[in-house]
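Data first, discussion second: the structure below is written as structure tokens.
Values below: all heavy atoms of this structure, side chains included; hydrogens, waters and symmetry mates excluded. For the single chain, residues carry numbers from 1 onward in sequence order. The shown structure was predicted, so the numbers you read here are calculated from the model rather than taken from an experiment.
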Amino acid sequence: ELRVFGVFETVTQRIRSMSSTLGGLLREVLERVLKEDQSGLLLVALAFVYVAASGLSEPEMLRLLGEYRKVLLVETATATVRKAAITRNSASERLEEAKTAAAEAAAATAAAAAAAA
């Protein structure tokens, strides 16, 4: 954790401000890492580990995250199609956006299926 802190001149101050318990240190590290995670997949991965009865192997985790991303991409594509239908006046523009969204969803599904295989 100190290695990623990056400000050598204030590292002593940082050490003093850190929790003195293992649980507190873990909480601080997780809070920082979750804050830095732009994708949101870390939180999803932690939720998968939390609900798994006996943990998860790496292939199981990768498969689950792939399925999650596939669902997320389909939801995003669906939302794009809905937004296009509401905000666009031209039927041809809506059709082109729907085709693009459907193609992206199909590609994501194929990639997830290939990763799971």
Side-chain angles (χ1 to χ4, degrees):
E1 187 63 12
L2 290 174
R3 196 168 39 88
V4 299
F5 181 60
V7 183
F8 178 76
E9 292 78 13
T10 59
V11 74
T12 301
Q13 180 182 355
R14 175 68 177 128
I15 291 170
R16 289 185 181 133
S17 72
M18 294 174 83
S19 178
S20 61
T21 66
L22 181 60
L25 286 172
L26 181 58
R27 183 179 57 254
E28 289 175 14
V29 171
L30 282 174
E31 286 173 356
R32 179 190 57 79
V33 173
L34 286 168
K35 184 177 177 183
E36 293 175 358
D37 178 32
Q38 299 289 320
S39 69
L41 287 177
L42 179 58
L43 185 60
V44 173
L46 289 172
F48 287 150
V49 170
Y50 180 76
V51 300
S54 60
L56 293 169
S57 67
E58 182 179 358
E60 290 170 328
M61 178 64 78
L62 292 173
R63 183 175 48 81
L64 287 170
L65 289 174
E67 291 297 317
Y68 173 80
R69 290 187 73 183
K70 178 178 67 173
V71 168
L72 190 61
L73 287 171
V74 169
E75 288 176 355
T76 302
T78 303
T80 301
V81 170
R82 286 185 184 143
K83 183 179 177 183
I86 292 169
T87 60
R88 301 282 184 195
N89 292 329
S90 169
S92 62
E93 287 176 340
R94 288 194 306 264
L95 179 59
E96 287 304 314
E97 287 183 7
K99 286 180 183 178
T100 301
E104 290 172 354
T109 302

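Residues satisfying the side-chain hydrogen bond (donor to acceptor under 3.5 Å, both in side chains) criterion with Glu75, sequence neighbours excluded, are absent altogether. Applying the side-chain contact (heavy atoms from CB on, under 4.5 Å) rule to Thr21 yields the partners Ser19; only residues at least two apart in sequence or on another chain are considered. Residues passing the side-chain hydrogen bond (donor to acceptor under 3.5 Å, both in side chains) test with Ser20: none are found, sequence neighbours excluded. Under the side-chain contact (heavy atoms from CB on, under 4.5 Å) criterion, Leu26 pairs with Leu30, sequence neighbours left out.
Put simply, CD on Glu31 and CD on Glu28 are 7.5 Å apart, with the number rounded to the nearest 0.5 Å. The distance from atom CZ of Arg27 to atom CG of Leu34, rounded to the nearest 0.5 Å, is 13.0 Å.
Between Glu67 and Lys70 there is a salt bridge, since at least one side-chain N of the basic residue sits less than 4.0 Å from a carboxylate O of the acidic one.
Membership of the apolar cluster around Val51 extends to Tyr50, as traced through chained side-chain contacts below 4.5 Å between ILVMFWY residues. Under a 4.5 Å side-chain heavy-atom cut-off, the cluster of Ile, Leu, Val, Met, Phe, Trp and Tyr residues that includes Leu65 is completed by Leu41, Val44, Phe48, Val49, Leu56, Met61, Leu64, Tyr68, Leu72.
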